[in-house]
Amino acid sequence: EVQLQASGGGLVQAGGSLRLSCAASGLVYDDYAIAWFRQAPGKEREGVSCITKNDDSGFYADFVEGRFTISRDAAKNTVYLQMNAVKPEDTAVYYCAADHLFPCATITKGIPFESWGQGTQVTVSS
């Protein structure tokens, strides 16, 4: 059974930084794309970033605009999302998810990944 544990959320001022972590277990790491999604109150869930299986390339939604970096530590089975220059509109519950079939490009197409962790709240104050 795939299990994902997201952590690292909190309260941060606009322009600040935060690092989210997603610890994964029950999967062969190289066989899965790992992604971050977010959902703000009253809004639909949206894909934020994804790291591809095999070559660890990062994929980002347009609204990231170079502010976030996704990375993977295979030894720790953990994926990170480094969030810099955060904005109040980044406030949301952030979820990590894994999928062994869908490529990262699907995170902005509304296609749900197969395995999900619990969310971690990110609140950006202005």
Show me the donor-acceptor pairs within less than 3.5 Å that the side chains of residues 14-26 make with the rest of the protein, sequence neighbours left out.
unit_1	atom_1	unit_2	atom_2	d
Ser17	OG	Asn84	OD1	2.9

| said: A quick test of your reading: do over 12 heavy atoms of other residues, nucleotides or ligands sit less than 6.0 Å from CD of Glu89? | reply: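 Count over threshold, so yes.
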Report, one line per pair, each donor and acceptor closer than 3.5 Å where one atom sits in a side chain of residues 61-70; sequence neighbours left out.
unit_1	atom_1	unit_2	atom_2	d
Glu65	OE1	Lys87	NZ	2.9
Arg67	NE	Val64	O	3.0
Arg67	NH1	Ala85	O	3.1
Arg67	NH1	Asp90	OD2	2.6
Arg67	NH2	Phe63	O	3.2
Arg67	NH2	Asp90	OD1	3.1

If two hydrophobic side chains count as joined below 4.5 Å and joins carry through other members, does [X] share a cluster with [Y]?
{"X": "Leu27", "Y": "Val79", "answer": "yes"}
{"X": "Val12", "Y": "Met83", "answer": "yes"}
{"X": "Tyr95", "Y": "Tyr60", "answer": "no"}

| Pairs in or reaching into residues 31-59: which pass ring-ring contact (aromatic ring centres under 6.0 Å, His included), with residues at least two apart or in two chains? |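 Applying ring-ring contact (aromatic ring centres under 6.0 Å, His included) to every pair that reaches into residues 31-59, excluding sequence neighbours, yields Tyr32-His100, Phe37-Phe113, Phe37-Trp116.
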Atom pair [atom1] ([X]) and [atom2] ([Y]), whose distance is rounded to the nearest 0.5 Å:
{"X": "Ile111", "Y": "Leu101", "atom1": "CD1", "atom2": "CG", "answer": "11.0 Å"}
{"X": "Ile34", "Y": "Ile107", "atom1": "CD1", "atom2": "CD1", "answer": "12.0 Å"}
{"X": "Gln82", "Y": "Ser49", "atom1": "CD", "atom2": "OG", "answer": "12.0 Å"}

| Pair listing, salt bridge (charged side-chain N to carboxylate O under 4.0 Å, His left out) test, anchored in residues 71-86, at least two apart |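 As it turns out, the salt bridge (charged side-chain N to carboxylate O under 4.0 Å, His left out) pairs with a partner in residues 71-86, which skip direct neighbours, are Asp56-Arg72.
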| request: If a pair satisfies salt bridge (charged side-chain N to carboxylate O under 4.0 Å, His left out) and one of its residues is in residues 98-126, list it, with sequence neighbours excluded. | output: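 Those involving residues 98-126 do not exist here.
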| request: Not counting sequence neighbours, list each pair that qualifies as a side chain to side chain donor-acceptor pair (under 3.5 Å) and has a residue in residues 3-12. | output: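 Output for this query is empty, none listed.
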| What pair of heavy atoms forms the shortest contact from Ala6 to Thr120, and how long is it? |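 Scanning both residues, the minimum pair turns out to be CB-CG2, 4.2 Å.
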| said: Ignoring hydrogens, what is the shortest heavy-atom contact between Asp31 and Lys53? Give both atom names and the distance. | reply: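 Shortest heavy-atom contact: O-CD, 3.3 Å.
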Less than 3.5 Å apart, which donor and acceptor atoms pair up between the side chains of residues 39-48 and the rest of the protein, not counting sequence neighbours?
unit_1	atom_1	unit_2	atom_2	d
Gln39	NE2	Lys43	O	3.1
Glu46	OE2	Arg38	NE	2.8
Glu46	OE2	Arg38	NH2	3.2

| message | Applying side-chain hydrogen bond (donor to acceptor under 3.5 Å, both in side chains), can you list everything that pairs with Ser57, at least two apart in sequence or on another chain? | response |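 Expected list: Asp55.
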| disulfide (SG to SG under 2.5 Å) contacts in which one or both residues fall within residues 34-78, not counting sequence neighbours |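 Residue pairs with at least one partner in residues 34-78: Cys50-Cys104.
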